[in-house]
Amino acid sequence: LPPGPELALAYCNRAELDVQAHEANAAIGLARRALELAQAYACARTASRALVALGVARLTAGDGTGETADEAAREAAREASDDAAGETARGAAGEAAGWADLGRALEIALAGSYWTEAARAYASLGALAVSRRDYARASQCLEGGLALCGEHGLGSLEPPLLAQRGHMRFERGDWERASLDAQAVLRHPATSAVTRATALLTLAHLKVRRGDADASVCLDEALALCRVRPQVGLDGALAAIRAEAAWLGGDRAAVLREAQPAYELLRLRRDPLLKGALAVWLVRADALQERPPDVAEPYACEIAGDWRRAARAWQALGCPYEHASVLGWHGSEDEQRQALDRLERMGAAPAAHALRRQLRARGVRRVPRGSRPSTRSNALGLTRRESQILALLSDGLRNSAIAKRLFVSTKTVDHHVSAILAKLEVTSRVQAALLARAQPPGSGVALR
């Protein structure tokens, strides 16, 4: 086509496809051409989309050049040499430029009342923030996007926002609400294949860490979707989850079988988080031959053997499972006991079981036995008695009435109710009842 709005949109579509394929450099070039044409022909809507593609690609590739980067970022990119410091400077420049592009895309969309583009910009901002574990920024963007969708009747654009919020909640240890978000995405009639795969990966990862019997169902469906529409990011995430499942099952050969091919695909690409996650599984299986230079801090620290720093980094990021896992695998007896307690309270039965086995192998005595099978099968991590009390509480009974029904003292019920609220991380009986009623059949939560 000759230069014009249609050609700008075509470049934009091509850039978006390259972003999905993790072809960041190609996406940057196409997005720039789309942006130039969109600005020349006053196509603000296309300019917003092009800026989203450009921002995501820059954040992936670490490219800090171009007109939307701030002066400090451009200067850092110009002065960067080919050494490690230069690579770090270029990465920082790319981060600044990418966030600036995405922020500008949102501004244009909101100013022009392009609500669809605004929702997509919010989703991209949220997704990139979640991927960098910048949870404060992610929460602000995702909640802003969901509010915008609700205000303007854009229910069809909610699934990507819900999928990312569910993933964020999962990483932060809020597994129950993460499960609710993922299930909402899977039920939504407008969910795309890519978004469905994202939600399935979150739900599968959660089920793997809880030891749920149906974890393989989610993994198999996610694998089928990835085969139909391959994406490097989704394929790599799936491989990391399957490697973790193999690790928890004590199958080192399966860890290598899952992690090695995906790592080789990503080894020469810039993806510090996913590359780091896969590299760590190879380290734990004694199979990483060469230390990758550009992985995120917690992974880089563990790969380098500085596991205490890795544990501190996970704790600072707000990722309780990862923090407990590093302490449990590498720490002293006291640290391992702390990790075991954390994993038990989260309902991470397989990791807790593996750590218990490791403690006994070291000759540690009086290792806690762990929760009963009935507690592990309960979706909310409740004991059978707590589940009974929650069911009665949800019927509106007071503690004294529950005590009479169960032939126990009111004080005993008081203690159980306090434990239920703590486990569910809610502050009221009403919130506990609502969360219980949101659980699907077969979750182990016995409501009438």
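For the residue pair Gln183/Ser179, the side-chain donor-acceptor check at 3.5 Å is satisfied. No side-chain N or O of Thr195 forms a donor-acceptor pair with one of Thr198 less than 3.5 Å apart. Judged by distance alone, the side chains of Tyr114 and Arg45 never bring a donor and an acceptor atom under 3.5 Å apart.
Residues that satisfy the salt bridge (Lys or Arg N to Asp or Glu O under 4.0 Å) test with Glu333, not counting sequence neighbours, are Arg337. Legend: residues meeting salt bridge (Lys or Arg N to Asp or Glu O under 4.0 Å) with Asp134, ordered by chain and number and at least two apart, are Arg137.
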*Determine, step by step, whether Arg165 and Glu143 satisfy the salt bridge (charged side-chain N to carboxylate O under 4.0 Å, His left out) criterion, reporting the C-alpha distance in whole Å, the side-chain angles of both residues, the deciding distance to 0.1 Å, and the verdict.*
CA-CA 8 Å; Arg165 189 176 70 176; Glu143 296 300 339; 3.2 Å; yes
*Full working for side-chain contact (heavy atoms from CB on, under 4.5 Å) between Trp99 and Leu128*: CA-CA 9 Å; Trp99 291 121; Leu128 267 297; 3.7 Å; yes
*Could you go step by step and tell me if Glu335 and Arg308 meet the salt bridge (charged side-chain N to carboxylate O under 4.0 Å, His left out) rule?*
CA-CA 11 Å; Glu335 288 168 324; Arg308 289 192 184 279; 2.5 Å; yes
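Two rings, from Tyr299 and Trp314, have their centers less than 6.0 Å apart.
Glu117 has no carboxylate O lying under 4.0 Å from a charged side-chain N of Arg49, or vice versa, which leaves the two without a salt bridge. Using a cutoff of 4.0 Å between basic side-chain nitrogens and carboxylate oxygens, Asp181 and Arg177 are not scored as salt-bridged. With respect to Arg267 and Glu264, a salt bridge is recorded, a charged nitrogen being found less than 4.0 Å from a carboxylate O. Electrostatic pairing of Arg309 and Glu302 does not count as a salt bridge here, judged by no charged N lying under 4.0 Å from a carboxylate O. A salt bridge links Asp212 to Arg210: at least one charged side-chain nitrogen sits closer than 4.0 Å to a carboxylate oxygen. In this structure, Glu95 does not pair ionically with Arg58, as no charged nitrogen and carboxylate oxygen lie closer than 4.0 Å. The existence of a salt bridge linking Glu221 and Arg196 is confirmed by a sub-4.0 Å separation between a basic side-chain nitrogen and an acidic carboxylate oxygen.
Note that CD of Gln358 is 11.0 Å distant from CG of Leu340, once rounded to the nearest 0.5 Å. Atom NE2 in His330 sits 10.0 Å away from atom OG in Ser325 (nearest 0.5 Å). Considering CG of Leu180 and CG of Leu435, their distance stands at 6.0 Å, rounded to 0.5 Å.
With a 6.0 Å radius and a threshold of 12 heavy atoms from other residues, nucleotides or ligands, Arg291 has its CZ atom at or below the threshold. When the shell of 6.0 Å around CZ of Arg429 is examined, it contains more than 12 heavy atoms from other residues, nucleotides or ligands.
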Could you list the donor-acceptor pairs under 3.5 angstrom formed between side-chain atoms of residues 238-251 and any protein atom two or more places apart in sequence or on another chain?
unit_1	atom_1	unit_2	atom_2	d
Arg242	NE	Glu258	OE1	3.3
Arg242	NE	Glu258	OE2	3.4
Glu244	OE1	His205	NE2	2.8
Glu244	OE1	Arg209	NH2	3.3
Glu244	OE2	Arg209	NE	2.8
Glu244	OE2	Tyr321	OH	3.4
Asp251	OD1	Ala253	N	3.4
Asp251	OD1	Ala254	N	3.1

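What you find for Ala15 and Leu30 is that their closest heavy atoms are CB-CB, 3.9 Å.
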